**Student:** 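Input: one structure, supplied below.
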There are 2 protein chains.
Amino acid sequence: MIFDETDKKLLERLQNDSKQTNKELSNALGLSVTAVYERIKKLEKEGYIDSYTAVINKRKINRNFVAFCHVKLLQHSQDFVVSFEKEVNGLNEVLECYHVSGDYDYLLKVIVKDMEAFREFMVKKLTTINHIGSTHSMFVINEVKQTNIIRF
Amino acid sequence: MIFDETDKKLLERLQNDSKQTNKELSNALGLSVTAVYERIKKLEKEGYIDSYTAVINKRKINRNFVAFCHVKLLQHSQDFVVSFEKEVNGLNEVLECYHVSGDYDYLLKVIVKDMEAFREFMVKKLTTINHIGSTHSMFVINEVKQTNIIRF
DNA sequence: GGTGAAAGATATTACAC
DNA sequence: GTGTAATATCTTTCACC
């Protein structure tokens with residue numbers, strides 16, 4: 001498939017505001033509405049666009065405390081890994097979990113209301129998962145930059 | 001403002017798919033289209049919904065290498081901090097930058113094409129920023145969980 | 001690759017209940 | 001909160017370049 005500069009501009013714009021109408025996009029890109037429509041459909045079908053989502057304000061819904069947790073497993077047998085990853089997937093507080101290189105096995109991004117809720121999460125949820133060796137938490141003091149928008 | 005269970009369900013659904021029609025939402029929630037429409041407008045105006053965005057497939061656009069970089073500054077004077085944060089904001093490879101507690105000052109999420117591109121980024125962009133003391137990088141081996149969707 | 005026009009669907013607003 | 005109706009706007013299809 002051809003993926004050209006116009007498609008890149010389109011993706012940038014749709015990332016910034018997916019509620020824009022095709023007419024607005026056509027004006028911005030100097031294309032007809034139909035051309036914009038067909039390009040978007042193509043980007044959706046080819047899998048360039050995975051989904052459309054509403055971005056929620058964390059502060060408004062009382063989830064403004066962010067922490068990154070390093071987790072080390074006791075062992076790395078297939079069973080332990082699979083069960084840990086499955087359990088982590090079920091935790092609403094964990095938005096992201098990466099298997100990473102380095103001293104620890106995993107890096108988790110955790111979002112809760114406040115420090116007290118974080119303590120609750122650690123004591124009652126994360127550390128109750130079997131096979132966890134050790135954890136190390138970093139707290140976000142300030143979000144300097146936070147986006148999912150990929151620029152070309 | 002009243003923020004009830006119906007609003008939470010609405011936000012969850014809009015996070016999962018912001019292209020749903022109000023009619024689909026009304027069926028799912030057992031509400032009238034008018035009620036759904038007015039609730040969404042309220043959530044937008046009150047700031048519960050920050051924006052609507054298209055979620056892009058990183059692999060399709062050749063940005064499938066993810067790394068987390070710890071950065072320590074040489075000093076923490078106001079000038080150094082401000083200029084570092086400003087420079088980082090201008091780097092397209094850096095999607096997220098957090099001022100964090102712990103041994104390092106910052107944690108950055110970096111997205112590039114591959115390891116070679118990461119090396120380029122480190123040598124020619126990140127480490128050319130003034131006042132950087134040291135860095136420590138972790139590479140993502142596997143994305144176990146990766147979402148921005150907040151569940152209630 | 002692209003265009004413009006027409007048809008169909010949805011969003012929006014107003015209103016009575 | 002409901003349902004309906006009118007209108008504006010947007011999406012989608014189509015014939016054509």
Side-chain angles (χ1 to χ4, degrees), chain A residues 1-58 60-63 147-152, chain B residues 1-64 92 113 147-152:
Chain A
M1 173 198 168
I2 311 120
F3 179 67
D4 60 13
E5 290 304 311
T6 304
D7 289 317
K8 291 180 184 177
K9 285 178 191 165
L10 209 41
L11 286 185
E12 284 202 1
R13 287 194 161 265
L14 289 173
Q15 287 182 96
N16 277 309
D17 177 13
S18 63
K19 288 281 190 195
Q20 278 167 105
T21 65
N22 291 344
K23 189 170 185 176
E24 289 172 315
L25 292 167
S26 73
N27 286 334
L29 299 180
L31 275 177
S32 68
V33 171
T34 307
V36 167
Y37 172 79
E38 281 170 352
R39 274 177 184 266
I40 293 174
K41 288 298 155 201
K42 200 172 57 180
L43 290 168
E44 289 171 355
K45 277 179 190 157
E46 302 275 340
Y48 287 82
I49 297 172
D50 277 334
S51 62
Y52 294 96
T53 183
V55 180
I56 304 306
N57 187 302
K58 296 197 297 292
K60 290 293 276 186
I61 57 165
N62 284 322
R63 302 285 178 88
T147 183
N148 286 304
I149 298 174
I150 301 172
R151 303 201 177 284
F152 296 96
Chain B
M1 172 197 169
I2 312 121
F3 179 68
D4 61 14
E5 290 305 310
T6 304
D7 288 317
K8 290 180 184 177
K9 286 179 191 164
L10 207 41
L11 286 186
E12 284 202 1
R13 288 197 159 261
L14 289 174
Q15 287 182 95
N16 277 309
D17 177 13
S18 62
K19 289 280 190 195
Q20 279 166 103
T21 65
N22 290 343
K23 188 170 185 176
E24 289 172 316
L25 291 167
S26 73
N27 286 334
L29 299 180
L31 276 178
S32 67
V33 173
T34 307
V36 167
Y37 173 79
E38 281 169 355
R39 274 176 185 267
I40 293 175
K41 288 299 154 202
K42 199 172 57 179
L43 291 168
E44 289 171 354
K45 278 181 191 156
E46 302 274 341
Y48 286 82
I49 298 172
D50 276 335
S51 62
Y52 295 95
T53 183
V55 180
I56 304 306
N57 187 303
K58 296 197 297 290
R59 179 170 284 114
K60 290 292 277 186
I61 57 165
N62 284 320
R63 302 285 177 87
N64 208 37
N92 288 344
K113 184 187 176 192
T147 183
N148 287 304
I149 298 174
I150 302 172
R151 304 202 178 281
F152 295 96

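From a predicted model like this one, the values you see are computed outputs, not experimental measurements. In what follows, chains carry the letters A, B, and so on, assigned in the order in which the sequence lines appear, proteins first and then strands, with residues in each chain numbered from 1.
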**Student:** Out of curiosity, A/I150 CD1 to A/K8 NZ, how far, rounded to the nearest 0.5 Å?
**Tutor:**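 Reported value, rounded in 0.5 Å steps: 12.5 Å.
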**Student:** Minimum heavy-atom separation for A/L10 to A/R39, with atom names?
**Tutor:**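 In terms of heavy atoms, the two residues are closest at CD2-CB, 3.6 Å.
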**Student:** What's the spacing between A/Y37 OH and A/K42 NZ if we round to 0.5 Å?
**Tutor:** 13.5 Å
**Student:** Quick check on C/dG1: is either OP1 or OP2 less than 4.0 Å from any side-chain nitrogen or oxygen of A/R39?
**Tutor:**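 Looking at the OP1 and OP2 atoms of C/dG1, neither is under 4.0 Å from any side-chain N or O of A/R39.
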**Student:** How long is the straight-line distance from OH of B/Y52 back to CD of B/Q15, given to the nearest 0.5 Å?
**Tutor:** 11.0 Å
**Student:** Does any non-hydrogen side-chain atom of B/I49 lie less than 4.5 Å from one of A/N57?
**Tutor:** no
**Student:** Can you measure B/N27 atom CG to D/dG3 atom P for me and round it to whole angstrom units?
**Tutor:** 11 Å
**Student:** Between P on D/dT9 and CD on A/E24, what's the gap in Å once rounded to a whole number?
**Tutor:** 12 Å
**Student:** Sugar-phosphate atoms are those with a prime plus P, OP1 and OP2; base atoms are the rest. Using that split, label each nucleotide of nucleotides 11-17 of chain C B, S or - for protein heavy atoms under 4.0 Å, 5' to 3'.
**Tutor:** SSB----
**Student:** Return the value, rounded to whole Å, for the distance between atom CG of A/L31 and atom P of D/dT11.
**Tutor:**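 It works out to 15 Å between those atoms.
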**Student:** Counting only heavy atoms not in B/K23, do more than 12 fall under 6.0 Å of its NZ?
**Tutor:**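 Atom NZ in B/K23 is not packed in, count stays at 12 or less.
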**Student:** Tell me the interatomic distance from A/L43, atom CG, to C/dG1, atom C1', rounded to whole angstroms.
**Tutor:** 14 Å
